[in-house]
Amino acid sequence: MTLAAPPPARKPSSPEPPEAARLTAALLGWYDRHRRVLPWRAPTGVTADPYAVWLSEIMLQQTTVKAVVPYFQAFTTAFPTVRDLAAADLDAVLRLWAGLGYYARARNLHACAKCVVDRHGGVFPTTVDALRALPGIGDYTANAIAAIAFDVPVVPIDGNVERVLTRLHALEEELPGAKPRLRALADTLEPADRAGDLAQALMDLGATICTPKSPACVLCPWAEPCAARRRGDAETFPRKASKKEGRLRRGAAFVAVRPDGAVLVRTRPEKGLLGGMTEVPTTEWTTTFAERSARDHAPALGVARKDWRRVPGVVTHVFTHFPLELLVFVAQLAAGVDAPAGSRWVARGDVAGEALPNVMRKVLEHAGIDTKPGAPSMKRAAPNQPRPSSRISKPKRSPR
DNA sequence: CAGCCGTGGCC
DNA sequence: TGGCCAAGGCT
């Protein structure tokens, strides 16, 4: 991780360095001046901690640096080593992950920690293939960890690298079909000397200069060789096949509250949407939801159909592949009502500590229940529990 | 291999 | 405001 050495003096007859070597050198020189300081990133000249690299890479999958930072701090505080993480309960991991999304990542994170301890003696393997074999680590992450933590001379390809390289070469081929060609282009770079720095330099370039919308080409170390900049349409790369949008699904959520403030919840199935996370009982979420019969699906608590009071307005939420609209019904229960099979009561002060996905935070807030940590409970919630974006629809009034 | 998986921020 | 996007992996 030394600063780039000045180019060796060459005799007049020496050939120019190959194009790839010049590209790599220009990028690394820029990185040495403009690298971002990030919690998981070692100072210049210091080897990064593989545990920190792995944890950050998993969190950063399809997730912004800004969103990740507080979660990374919370995890390294709660689990300073991979052994601590492996020894933790999955539920504790999910609670700490709540709000970050893509919850299969948290389950795989926990499984991966166990594998590292059980199969590798608590030490991360150093080869791409061995890393690739671990849960939650795919092609990109295996190459990224190998390069960043162990300086294996490989170039990981993520969304940033795709964008940077398709622009550099003005590659017209659409993604994802163009992936093999991108791999070939990435392999023309020269990671041999500083693989970790090169990988992070590509990502920093993509995140700060070669951005999706308004790339700052004037500041770019690759401005001169960039084919897309020369054409003047860098922001139109990469080319992508259009994806179809999901249809609106609707449903109803049921918030049952005891006199002491306890709320009825259940745990979602391990796999699939919001797997393993906490929710209030709901109907199925369908494109053909019938509001009239919604109350028929309320949990069996011995309350009259009419005692499920509809909270005006709706909760809206957009998942990756479909938008969701939930009606919210609230019922005030008598003390001592048993929770139906498969569900449980959660004390008012413990709601914030549950593994609540944001859509459920919205539902509870819509029903007037505080999901923020710190209320009348001794129990600690995730220290970084983000608020649900309070974009709950106002009650709809029919125009007159 | 294309569909499934969250969430927050941006313009 | 809503459509798009972010350091992808799994099936």
Side-chain angles (χ1 to χ4, degrees), chain A residues 36 38-41 52-72 94 97-109 111-112 131-145 147-149 155-164 175-177 179 196 199-208 210-214 235-236 238 240-249 268-277 279 316-324 355-362 384-391 393:
Chain A
R36 291 177 293 175
L38 300 170
W40 46 87
R41 198 173 263 185
V53 172
W54 163 72
L55 180 59
S56 67
E57 287 298 339
I58 302 300
M59 289 184 164
L60 286 163
Q61 289 167 3
Q62 298 291 285
T63 309
T64 58
V65 166
K66 183 178 191 304
V68 163
V69 166
Y71 284 87
F72 179 83
L94 287 176
W97 194 280
L100 197 55
Y102 284 131
Y103 299 100
R105 288 186 299 171
R107 285 178 263 130
N108 285 330
L109 183 84
C112 184
L131 288 164
R132 178 70 178 77
L134 292 167
I137 298 183
D139 283 331
Y140 160 74
T141 306
N143 281 278
I145 296 171
I148 297 170
V155 180
I157 300 179
D158 69 336
N160 285 309
V161 181
E162 287 178 351
R163 190 167 58 251
V164 168
L175 290 174
K179 294 210 173 216
Q200 295 176 97
L202 283 164
M203 295 178 210
D204 277 19
L205 188 68
T208 65
C210 197
T211 54
K213 302 212 170 155
S214 301
E235 70 280 2
T236 67
K240 286 186 180 174
S242 62
K243 47 189 167 241
K244 27 188 169 289
E245 62 185 84
R247 290 172 58 199
L248 173 69
R249 299 184 201 180
R268 294 180 61 92
E270 274 301 311
K271 306 218 166 198
L273 182 69
L274 306 175
M277 303 296 286
E279 68 173 2
T316 61
H317 192 77
V318 181
F319 293 102
T320 310
H321 52 300
F322 67 92
L324 174 67
L356 288 175
N358 274 6
V359 63
M360 285 300 142
R361 288 183 181 275
K362 291 182 187 176
N384 51 340
Q385 211 64 267
R387 307 291 185 274
S389 64
S390 56
R391 229 182 308 129
S393 308

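By convention in this document, chain letters (A, B, ...) are assigned in the order of the sequence lines, proteins followed by strands, and residues within each chain are numbered from 1.
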*Asks:* Please report, rounded to the nearest Å, how far the P atom of B:dT7 is from the CG atom of A:Asn358.
*Replies:*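 Those two atoms, CG and P, are 5 Å apart.
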*Asks:* Would you mind classifying the nucleic acid contact of A:Val318 as base, sugar-phosphate or nothing, using non-hydrogen atoms under 4.0 angstrom?
*Replies:*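 Counting heavy atoms under 4.0 Å across all strands, the contact made by A:Val318 includes a base.
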*Asks:* Quick one: is B:dC5 close enough that its OP1 or OP2 comes under 4.0 Å of any side-chain N or O from A:His321?
*Replies:*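 For B:dC5, OP1/OP2 do have a side-chain N/O of A:His321 under 4.0 Å.
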*Asks:* To the nearest angstrom, how far is A:Leu205 atom CG from C:dA7 atom P?
*Replies:*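 Rounded to whole Å, this separation is 11 Å.
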*Asks:* Check every atom of B:dC11, B:dC5, B:dT7 against the side chain of A:His317 and return the nucleotide holding the closest atom.
*Replies:*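 Minimum distance to the A:His317 side chain belongs to B:dT7.
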*Asks:* Could you list the residues that satisfy side-chain hydrogen bond (donor to acceptor under 3.5 Å, both in side chains) with A:Thr141, not counting sequence neighbours?
*Replies:*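 A:Thr141 satisfies side-chain hydrogen bond (donor to acceptor under 3.5 Å, both in side chains) with A:Gln61 only.
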*Asks:* Nearest heavy atom decides the nucleotide; on that basis, is A:Met203 or A:Pro135 closer to the 5' end of DNA chain C?
*Replies:*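 Looking at the nearest nucleotide for each, A:Met203 comes out on the 5' side.
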*Asks:* Can you confirm whether A:Pro135 sits close enough to A:Arg107 that some side-chain heavy atom of one is under 4.5 Å from a side-chain heavy atom of the other?
*Replies:*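 Heavy-atom side-chain distance check fails, nothing below 4.5 Å.
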*Asks:* Which sits closer to the 5' end of DNA chain B, A:Pro176 or A:Arg107, going by the nucleotide each is nearest to?
*Replies:*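 Comparing both residues, the 5'-ward one is A:Pro176.
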*Asks:* Over how many whole Å does the gap from A:Glu235 atom CD to B:dC10 atom C1' extend?
*Replies:*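 My rounded result for the distance is 16 Å.
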*Asks:* What integer distance in Å separates A:Lys271:NZ from B:dC4:P?
*Replies:*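 Answer to the nearest Å: 17 Å.
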*Asks:* So which one's nearest nucleotide on DNA chain B is more toward 5', A:Gly272 or A:Lys213?
*Replies:*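 So the residue in question is A:Gly272.
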*Asks:* From OH of A:Tyr140 over to P of C:dA6, roughly how many Å is that when rounded to an integer?
*Replies:*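 Rounded to whole Å, this separation is 13 Å.
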*Asks:* How far does the P atom of B:dC4 sit from the matching atom of C:dA7, given to the nearest Å?
*Replies:*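 24 Å, rounded to whole Å.
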*Asks:* Between C:dA7, B:dC5, C:dT11, which nucleotide has the shortest distance from any of its atoms to the side chain of A:Leu60?
*Replies:*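 The listed nucleotide nearest to A:Leu60's side chain is C:dA7.
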*Asks:* Out of B:dG8, B:dG6, C:dG9, which has the shortest distance to the side chain of A:Thr141?
*Replies:*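 The answer is C:dG9, which lies nearest to the side chain.
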*Asks:* Rounding to an integer number of Å, can you tell me how far A:Met59 CE sits from C:dG9 C1'?
*Replies:*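 The answer, rounded to whole Å, is 16 Å.
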*Asks:* Say we look at C:dT1 and B:dG6: how far apart would their P atoms be, to the nearest angstrom?
*Replies:*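 Nearest-Å result for C:dT1 against B:dG6 at atom P: 27 Å.
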*Asks:* For a side-chain contact (heavy atoms from CB on, under 4.5 Å) check, start with the C-alpha distance between A:Thr63 and A:Tyr71, then their side-chain angles and the critical distance, and finish with the verdict.
*Replies:* CA-CA 11 Å; A:Thr63 309; A:Tyr71 284 87; over 6 Å; no
*Asks:* Choose from C:dA7, B:dC10, B:dG6 the nucleotide whose nearest atom is closest to any side-chain atom of A:Tyr103.
*Replies:*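 From the listed options, B:dG6 comes nearest.
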*Asks:* Looking at A:Gln62, I'd like to know whether one of its side-chain N or O atoms comes within less than 4.0 Å of OP1 or OP2 on C:dG8.
*Replies:*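 Answer is yes, contact under 4.0 Å.
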*Asks:* Start with the C-alpha gap between A:Leu60 and A:Val65, add the side-chain angles, then the distance that decides, and say whether side-chain contact (heavy atoms from CB on, under 4.5 Å) holds.
*Replies:* CA-CA 7 Å; A:Leu60 286 163; A:Val65 166; 3.9 Å; yes
*Asks:* Touch check for A:Val65, heavy atoms < 4.0 angstrom, all strands: base, sugar-phosphate only, or nothing?
*Replies:*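 Base, at least one base heavy atom under 4.0 Å.
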*Asks:* With heavy atoms under 4.0 Å as the rule, sort A:Leu324 into base, sugar-phosphate or nothing.
*Replies:*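 No contact.
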*Asks:* Quiz question: going by heavy-atom distance under 3.5 Å, is there a donor-acceptor pair between the base of B:dG9 and the side chain of A:Thr64?
*Replies:*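 Checked by distance alone, the answer is no.
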*Asks:* By nearest atom, which of the nucleotides C:dA6, C:dG8, B:dT7 is closest to the A:Asn160 side chain?
*Replies:*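 Selected nucleotide (nearest to the side chain): C:dA6.
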*Asks:* To the nearest Å, give me how far apart CG (A:Leu109) and P (C:dC10) are.
*Replies:*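 Taking atom P of C:dC10 as the reference, CG of A:Leu109 is at 12 Å.
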*Asks:* Within a strict 4.5 Å, meaning less than it, do heavy atoms of the A:Val359 and A:Leu274 side chains meet?
*Replies:*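 Sidechains of A:Leu274 and A:Val359: in contact.
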*Asks:* Rounded to the nearest angstrom, tell me the gap between atom CZ in A:Arg268 and atom P in B:dG6.
*Replies:*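 In whole Å, B:dG6 P and A:Arg268 CZ are 8 Å from each other.
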*Asks:* Which of these nucleotides, C:dA7, B:dC5, C:dC10, is closest to any side-chain atom of A:Ala207?
*Replies:*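 Ranking C:dA7, B:dC5, C:dC10 by closest atom to the A:Ala207 side chain puts C:dA7 first.
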*Asks:* So that I can tick it off, tell me whether A:Asp204 and A:Arg41 are bridged by a salt bridge, with the cut-off set at under 4.0 angstrom between side-chain N and carboxylate O.
*Replies:*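 A salt bridge is present here (some side-chain N lies under 4.0 Å from a carboxylate O).
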*Asks:* Is any side-chain N or O of A:Arg105 under 3.5 Å from a base N or O of C:dA7, one able to act as donor and the other as acceptor?
*Replies:*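 Absent.
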*Asks:* Regarding A:Ile58, tell me which of base, sugar-phosphate or nothing describes its non-hydrogen contacts under 4.0 Å with the strands shown.
*Replies:*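 A:Ile58: no heavy atom of the nucleic acid under 4.0 Å.
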*Asks:* In whole angstrom, give me the gap between the P atoms of B:dG3 and C:dC4.
*Replies:*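 Those two atoms are separated by 16 Å.
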*Asks:* If you check the A:Lys240 side chain, which of C:dA7, B:dC5, C:dA6 turns out closest?
*Replies:*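 Between C:dA7, B:dC5, C:dA6, the one nearest the side chain of A:Lys240 would be C:dA6.
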*Asks:* So how far is it from A:Met277 CE to A:Asn358 CG, rounded to the nearest 0.5 Å?
*Replies:*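 Here the interatomic distance stands at 9.0 Å.
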*Asks:* Counting only side-chain nitrogens and oxygens, does A:Arg163 get under 4.0 Å of the OP1 or OP2 atom of C:dA7?
*Replies:*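 Yes, within the criterion.
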*Asks:* When only distance counts, do a donor and an acceptor, one from the side chain of A:Thr63 and one from the base of B:dG6, lie under 3.5 Å apart?
*Replies:*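 Per atom types, the contact qualifies.
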*Asks:* Between C:dG8, C:dC10, C:dA7, spot the one nearest the side chain of A:Asn108, thanks.
*Replies:*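 Selected nucleotide: C:dC10.
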